[in-house]
Amino acid sequence: MSSPFPAPAELLALAPEIALGLLGCLLLVVGVLGRGASHRLAAGLALGAVGVSAVALWAVAGEFGGGRLVLAASFVLDRYALFWKALVLVATALAVVVSQRFVEEGRYRPGEYYALLLLAGTGMLLMASGHNLLVLWISLELMALASYVLAGYFREERRSQEAGLKYFVLGAVSSGILLYGISLVYGSLGTLRLDEMAAAAAAPGAADSRLLAAGWILLLSGLLFKVAAAPFHVWTPDVYTGAPTPVTAFLAAGSKAISFALLARVFVQGLPALAAEWQLLLAVVSALSMVWGNVAALTQRNVKRMLAYSSIAHAGYALLGLVAANRVGSWALLFYLLSYVFVTFGTFAVVILLERREYAGETYQDYAGLARRAPFLAAALLVFLLALTGIPPTGGFVGKLYLFAAAVQAGWAWLAVLGVLTSALSLYYYFRLVVWMYQQEATETTPTPLAAPSLVGAIALCLLATLALGIVPGPFVALAQAAALSVP
Amino acid sequence: MTEPLSLLVLLPALAGAVGLAARLPVRWAAALTTAASAGSVALAAAAWGGADGPRAAVWSWAPGLGVEVAWRANAATLALALLVAGIGALVLQYAGAYFQDGPVGRRAVGLLALFEAAMLGLVLSDNLFAFYVFWELTSLCSYFLIAVEGAEKPEAHAAAGRALLLTVGGGLAMLMGFVLLAAGAGVTRFSDLAGADLPPGLAVAALALCLPAVITKSAQVPAHFWLPGAMAAPSPVSAYLHSATMVKAGLVLLLFLFPAFAPSPLWALVLVPVGAATCVWGSYRALGEDDVKLLMAWSTVSQLGLLTLTLGLGTELALRAATLHLFAHALFKAGLFLTVGAVDHAAHTRSLSALGGLGRRAPLLAGAAALLAASMAGVPPVVGFLSKELILKKAMLGEWWIHALAIGGIVAGSIGTVAYSSRFFFETFAGEPRSGGTREAHAPGAGLLAAPLLLALAVLAGGPAAPWVERHFLAPVTAALAGAPVEAVPLSLWYGVNAAFVLSLAIVTFGYLFDRWLRLRLLPHAWAGEEGAVAFDRFFDRVQRLGGAIAAALADAPPRIYAAIALTVALLPAWTRLAPPRAADLDGASPLAAAVLVLLAMVLAALLAAHSRLTAVLLLSAVGIAVAALFRLLSAPDLMLTQLLVEVLTTVFFVLALRLLPPGLPQPPPRPESRAPRAAVAAIVGVGLGALVLAVQRDGPRPLRDFFLRAAPELAQGNNPVNVVLVDFRGLDTAVESLVVVLAAFGAVALLRGTELPGGGGPGEGGRRGGPR
């Protein structure tokens, strides 16, 4: 029996996580000790931490990047993990940048806020490479616990408190379901390692086990909760609306994307023997999410709430990639989420620039005449909305195209048709915002967008990425393909 | 850029972008974009007669799916490009004179040029997906162009939104069709389509998905209503997008699909009835319209129906007739819209009841209008006559019912067309002015006259030049579309007296007479409602209300409801694994255990009915004790002990906590919630978990159970596997876990000491601002 303690060299594989986590803790200390520490300094330190982690990631990629299993096979650094880790770092950096204004205005202690962001990011990094159900669960919890606090961070606002509480209670329920599922899967397969799970489930008779069935269904339910797919989505509108908008962006983009990465790894790598069964269930969930999210988004008057429902719909689209268990599906999912992260951050960054205290500046009316007052913001938001709808020349279009094509190839044509129909429906509520921006005049009460160079820079970056993904998708597709193919 | 066709598409796009970005005066922007369009015309003309066929991809867009930009140059696509760029040049020149200097005009001119580029890309694209992309780009341009006048016209927003939703929705269906073709048959180019061996089921499905795109984009019944609504746009926009080019995109798609799909039974079955209905309804509505521009819009609907109907006949001769008429219609209808714009400019009204007598004030405009209207009506010798006669001849060759439907549709629609053409011309230009504005009307300037005049001359020349048109245009274009030269009697103004000619003359005569004598008697109150738009809005309203209800039903609900939903759904699939009880499940059962179970049920019932907190707590602990008794009966005394300890402790804690709560019973809610849903959730969760336990009991191989049962005595010298797992196998976990609990307790104590309870009286809210509470 090998030693339970890992060889120190293997711990190096965790360098990005260790760096981000430790620097996050350090930031917490700095925040407490340096009372008068400026917000800029804290944000700079947080960005620096992300940078250090990125350098560490780059350094270990060569050493461990070939998919070597380390730390008692509980951790893997294949290209799939590298892809997601890079995306997580980008999302964390973007979250730091878009949070600046919120933290400064709220006079929060910057150290604490950014430390929570970094800890959530650490959890996400771990989620990308977990190769063991328990490791995956613990990293998910690390991310989730930090997110609960962040969602309720707007302490003076009742809606934010409500969001934090709801997110916590429901998140705890889902974690419980997830853990119960893991324990049943463990009980029936006798292992927590994904590769051994796949082998055990492929053994004759194993697939018929009731215990295994109950286990994976509960496991799936818990994960669907995290990606906010219907009917496990009910928390989403309240939490997305109530949480501080930078946190909402982080949840909607980072948390959702990485949860998908986890979902895909557990089921594609760990339970391919049961693919026919979980795909059927996912198909139902995907259809429900697309219809429910889009239909409910139609009537929203609040932009954040509309985006919350739309994110439910997008979970449905992304699930198409898993339902179609072919190769196209697996990397289409990666490409789609890659574009979704940028689009979501960009959209919410515009929302942040317009919103005011007491949740003012969040309705459609508040976007009236934006095209005249802030042409760049309006044009950027237009591109993001086009991408969300799936209209060229944006990354959203290419991603949806690949997803639908994958679904058709795998014989799920009806699901793809449903996706197309609901996309057409979504055009209506996205374009209502465009109408307000471009063809209505501002009134005296319309908020003027703030001048915040860092936020505008983040928006420009997201805009560039969205267009690049739509106009020259080739290299990004190659990246996504290489990542998806590295998972056996 | 080595490919001249890329330059052809890019020229107007660049000019449009410059026009939008640089704040040029409208005149300059129009001159720039006109020049760019002229450049595109020249490039298309230069490519004419060159190497035919598909060109290599200029840009691989989305690898793996065959999504790339690749052009196709043949007589048909180049002729279409010439049409788009040529009319584009005329319209842009006209727009320079039409718009006043300002943001609206600048935006309109820039967007028109962008639209032109998208439309050129659409007709020249060989790749299906690139075609789709350009298709949606034209829809987007149309959206912004309809609503270009911004805040001044609120109704334009609604119209633009409806048009966008319909056309983009149709386009998405087409995309699905293309994905089917690509994934199912490996076809990603139009040029591969004709030779491809499509499975019949796939062909029908792909066609069925493309037809909604045709119907929405080309404004066919029942999606026709967006086109009259789009008339909120300025006249140059209507002339270019909503008569000459964009609305033809659906027909262009039909032309491109023709070789592969025309033999499909679905083709005629859908297109002929839809086209006939559109043709007749459009004519009828045009007859009752007072606004000249709306009259033209309905006339466009009718003519688009005519074209769809003709193509729907599905023969090569029909293809020939439809092609000729498509081009003819683009010429005369663009000219007519530009004329309407000039009339509007001159007389400041578009209402027929206020116009009249413009012929004397603007003779050149009247002359152009006469030629264009005659062409629309199909009066010899202008080009409209040629195409309409061809269509008539064609329709006489189909199957009997299609034949009857087609002839009926064409004759009825054509009589209407003659009648409204005559009505438009005579009521606008003949007679006496019927309003002050018209009386003071002035002749439009050269900028507004040039384009309609040129188009009128082209239309006039087209008739006598029939042999030339046949040789240099119609024959090569139809050959390119059909894939092989089409055998047909050459085009000519005079074929001798035959049925088609007689019918043609009869239609013209009767149509004219109908307008002059019968119209007001037969149709005193023409239908003028907005049936389609109203129905569409109502439908949309319903969907919205449904969405609102769904969203509102769960908005701001307490977490317990959300949790109930999640739990129920998560456990529902377990029901599919429900195992029917077997006798073996009852092993170890005894009358005593049954008695405990009955007792348990009674306690639970009492618990549900309890109204005081203390009673509830005590009953809850009674439940726990009953379970402990069950453990004892199932020979697990250690579990019973644990359970009893936990029960006692919880009860003590509960009672302690109760002391801190305000005395008295909780207020009953004003409207008691129904208990049925909760009971259902409880039943699903309870039975689901029960089933799960049963399933676990019976399950097949269980490696872990076997391992621990074997390893407990061997490795740890303990006979109770549960205890062994806790203290031996997972000993370290247990120790660390205890440590965590202790640490958490310390943390909780520290937090509680720093905070005063809110009930303790006020000062709790004071203290440091922003600090933790």
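In what follows, every chain begins at residue 1, and chains take the letters A, B, ... in the order their sequences are listed.
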Undergrad: Which atom pair, heavy atoms only, marks the closest approach of A:A424 to B:G169?
TA: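 Minimum heavy-atom separation between A:A424 and B:G169: CB-CA, 3.9 Å.
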Undergrad: As a quick check of understanding, evaluate side chain to side chain contact (heavy atoms under 4.5 Å, CB included) for B:V168 and A:F431, giving each step before the final call.
TA: CA-CA 12 Å; B:V168 170; A:F431 260 68; over 6 Å; no
Undergrad: Select all residues of residues 171-181 of chain B having any heavy atom within less than 4.5 Å of some heavy atom of chain A, and report them by number, or 'none'.
TA: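 Only B:L172, B:A173, B:L175, B:M176, B:V179, B:L180 of residues 171-181 of chain B have a heavy atom under 4.5 Å from chain A.
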Undergrad: Run the side chain to side chain contact (heavy atoms under 4.5 Å, CB included) check on B:L140 and A:L386 step by step: do they pass?
TA: CA-CA 10 Å; B:L140 283 178; A:L386 286 180; 4.1 Å; yes
Undergrad: Below 4.5 Å, heavy atoms only, C-beta onward: do B:L164 and A:Y428 meet side chain to side chain?
TA: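 SC-SC contact between B:L164 and A:Y428 ruled out.
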Undergrad: Examine whether an atom of A:P237 lies under 4.5 Å from a heavy atom of chain B, and if so say whether it belongs to the side chain, the backbone or both; otherwise answer neither.
TA: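 No part of it gets close to chain B.
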Undergrad: Which residues satisfy the side-chain hydrogen bond (donor to acceptor under 3.5 Å, both in side chains) test with A:Y429, sequence neighbours excluded?
TA: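 With sequence neighbours excluded, A:Y429 shows a side-chain hydrogen bond (donor to acceptor under 3.5 Å, both in side chains) to A:N294, given in chain and number order.
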Undergrad: Name the member of A:V295, A:T191, A:V173 that forms the most heavy-atom pairs with chain B at distances under 4.5 Å.
TA: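 It is A:V295.
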Undergrad: For A:F168, I'd like to know if atom CZ has over 12 heavy atoms of other residues, nucleotides or ligands within 6.0 Å.
TA: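 No, not enclosed.
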Undergrad: What verdict does the side chain to side chain contact (heavy atoms under 4.5 Å, CB included) test give for B:F129 and A:F397, after you've listed the backbone C-alpha separation in whole Å, the side-chain angles of each residue and the deciding distance to 0.1 Å?
TA: CA-CA 11 Å; B:F129 296 103; A:F397 161 69; 5.6 Å; no
Undergrad: As an exercise, state the distance from OH of B:Y143 to CG of A:L427, rounded to the nearest 0.5 Å.
TA: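 Between B:Y143 OH and A:L427 CG, I get 8.5 Å after rounding to 0.5 Å.
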Undergrad: Non-hydrogen atoms of chain B under 4.5 Å away: do they reach the side chain of A:V420, the backbone, both or neither?
TA: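 Both backbone and side chain.
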Undergrad: Answer with side chain, backbone, both or neither: which region of B:F707 has an atom nearer than 4.5 Å to a non-hydrogen atom of chain A?
TA: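 Neither; nothing under 4.5 Å.
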